[in-house]
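As the structure is a computational prediction, the values presented were derived from the model and not from experiment. Sequence positions, counted from 1, serve as the residue numbers for this chain.
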Amino acid sequence: MAKSTFIPWRAMKKFLSILAVAASGALIAAATDQPVKARIDSAQVPQWSAEDLDFFLHGSMSTEVVPERVLRAFIKIYPDLFPGSDLGYLGLIPDPAFGWPIGFSRKSEVRHLGGLSAVGINCASCHVAQITSSAGKGPIRILGATSHFNVEAFFGAVLVATFKTSEPASMKLFLNSYFAGPENPTSKEGSMLDRAWEAQQASITERMAADPFGSKEVAPGDLHQIALAELELAKDAAGLPELAHSMLKLFHNIRAALHVPDQPPDKVPPASGPGRNDAFGLLSAALLNRPQPYAPIKFGLVWNVDQRTWVHWDGNTKSPIARNLLASLGLGAP
C-alpha cells in the first residue's frame, strides 16, 4: 500500500488493534446460533400488558446508532468480528420474531444516519437472563436479572468494522453486500457494482484517500447532514467515489454518536468481559471529560428499582431522569 495514498498500514494496524481489544471476547466465543425455544412467564410481571412487555424488550431509548443494512453487511463480510449471525455468541438472546436479539430497538428513520432504519440497545440487553431448568422444560427468561451481554465486544466490533471499511478493497466488499439484491444484479462476470468499480477505481481510491474517516468536513464530534439519496446506488452504478465517501461520513456519524474519536486513543481500558461494564465511568470520560478509576462490575439487578433512592453500583446519583439521560447519550442518542 502506498504511503502517500492511505494512512500507513502500520498506523491502521495500530488503530484496529486498539479497538479490537473491546471485541476480543467475540473473537474467541462459540459462533453457533442459539436455540430460541424459550418463554417469559407472565407471572413475573402480572401487572404488565403485552405491549408493556414488548416495550421493555424492544422499546426505544433513542439509541439507534447502527443502520440495519450496515450491520447486516458487516456481519456478512467480517466473520472474524461477527462469528454468529444472530449475535448470540455475545451473550445476547435471539428473538427471530423481532429480527434482532432481546434488548435491541429499532427506529425506522434516523435523521443523522441518512434517514435509514437503525438499531440500538435498551435496558433489556443487560437486564434479561436466560436459564435452563434442570427439569428439562426448555430455557426460561428472567426479567430484571443480570445478562451475559458483552456490550463492549459488540460496539467494539462495529467500530472496528467502520475503520476497516475505510480501505477501498473492504469498501467494495461492503457495498456489494449492502446493495445485494435486484438493484445490484450479478452475472458470471460479477455484479454491476464490480464492473463499475473497475472503471472508476482510480477516482474511488483518490476520493477515499482524501478523507478516509469521513471527518474532514465537520468539526470533531459533530454530525454530517446526510440525505438518503447520497446512500443510494445509481441505476448504472455511476458516482461510486461520492457514494463511498458518503458511507465514510455515515461511519463517522456512528462513531461520533458513540463519542468515539476518528483517531482512536493510544491506550484504552482493559476489556470488561461478558456481563460486566463500568457504564458510568465510561460516560464520565466520554461525556464529561472526567475519567474515573476503571471499575468494571456486573450489570445490576433491577428488581424493586422503584423503591431505591440511589442508583448505580456506587450510589452516585438519586435522579432517575439524569441516569436515564446519561444512559441514552452514552449508547448513541445524538
Side-chain angles (χ1 to χ4, degrees), residues 34-66 68 71 86-88 90-110 117-133 137-155 257-258 274-277 279-280 282-283 297-313 317-334:
Q34 295 185 358
V36 296
K37 293 181 180 179
R39 60 188 175 85
I40 297 175
D41 192 337
S42 60
Q44 296 181 53
V45 282
Q47 297 181 348
W48 284 15
S49 66
E51 290 75 17
D52 292 334
L53 177 59
D54 184 66
F55 184 80
F56 177 69
L57 298 178
H58 296 296
S60 175
M61 294 169 50
S62 296
T63 61
E64 292 77 17
V65 70
V66 188
E68 292 190 82
L71 183 54
D86 69 358
L87 306 182
L90 290 167
L92 289 163
I93 302 171
D95 187 352
F98 183 75
W100 295 102
I102 285 176
F104 269 51
S105 62
R106 174 187 289 117
K107 186 172 288 186
S108 60
E109 185 177 325
V110 181
S117 174
V119 292
I121 64 172
N122 72 4
C123 299
S125 63
C126 300
H127 300 292
V128 175
Q130 181 166 293
I131 62 173
T132 301
S133 169
K137 294 182 179 180
I140 299 174
R141 293 170 181 172
I142 309 298
L143 304 179
T146 297
S147 81
H148 294 105
F149 178 29
N150 194 335
V151 59
E152 291 175 13
F154 170 67
F155 284 114
L258 289 169
R276 300 179 67 85
N277 187 241
F280 191 82
L282 293 173
L283 287 170
I297 52 92
K298 70 177 183 179
F299 303 141
L301 302 172
V302 293
W303 298 320
N304 301 322
V305 69
D306 61 322
Q307 300 175 25
R308 303 177 196 171
T309 301
W310 297 89
V311 297
H312 292 137
W313 67 273
T317 182
K318 59 179 180 179
S319 170
I321 293 178
R323 182 264 163 211
N324 292 343
L325 284 173
L326 283 172
S328 294
L329 289 170
L331 293 172

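Under the 30°/60° scheme for interplanar angles, the aromatic rings of H58 and F98 are found to lie parallel.
Scanning both residues, I93 and V128, for their nearest heavy atoms gives CD1-O, 3.8 Å. C123 and M61 get closest at one heavy-atom pair: N-SD, 3.7 Å. Taking each heavy atom of N122 and F55 in turn, the nearest pair found is ND2-O, 3.9 Å. Pairing each heavy atom of S125 with each of F149, the nearest pair is O-CB, 3.4 Å. The heavy-atom pair separating L53 from W48 by the smallest distance is CA-CE3, 3.8 Å.
For the side chain to side chain contact (heavy atoms under 4.5 Å, CB included) with W100, the qualifying choice from D95, L87, D86 is L87, the only one to do so.
In this structure, the side chains of L143 and I40 come closer than 4.5 Å at one or more pairs of heavy atoms. A 4.5 Å side-chain heavy-atom check between N277 and E152 finds at least one atom pair inside the cut-off. Here the side chains of L331 and V65 are not in contact, with every heavy-atom distance at 4.5 Å or above.
Under a 3.5 Å cut-off, the side chain of H148 and the backbone N or O of L92 do not form any donor-acceptor pair. No donor-acceptor pair under 3.5 Å is formed between the side chain of N304 and the backbone N or O of Q307. In this structure, S117 contributes its side chain and E109 its backbone to no donor-acceptor pair below 3.5 Å. Between the side chain of Q44 and the backbone N or O of R141, at least one donor-acceptor pair lies under 3.5 Å. Under the 3.5 Å distance criterion, the side-chain polar atoms of S328 are matched with a main-chain donor or acceptor of N324. D52 contributes a side-chain N or O that, together with a main-chain N or O of S49, makes up a donor-acceptor pair within less than 3.5 Å.
Of the charged side-chain nitrogens involved, at least one lies within less than 4.0 Å of a carboxylate oxygen, so that E68 and R106 count as a salt-bridged pair.
A donor-acceptor contact closer than 3.5 angstrom links the side chains of S105 and E64.
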- Query: Do L301 and T146 pass the side chain to side chain contact (heavy atoms under 4.5 Å, CB included) test, and can you show the C-alpha distance, the side-chain angles, and the key distance before you say yes or no?
  - Reply: CA-CA 6 Å; L301 302 172; T146 297; 3.9 Å; yes

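One finds the NE2 atom of H127 at 7.5 Å from the CZ atom of F299 (value rounded to the nearest 0.5 Å).
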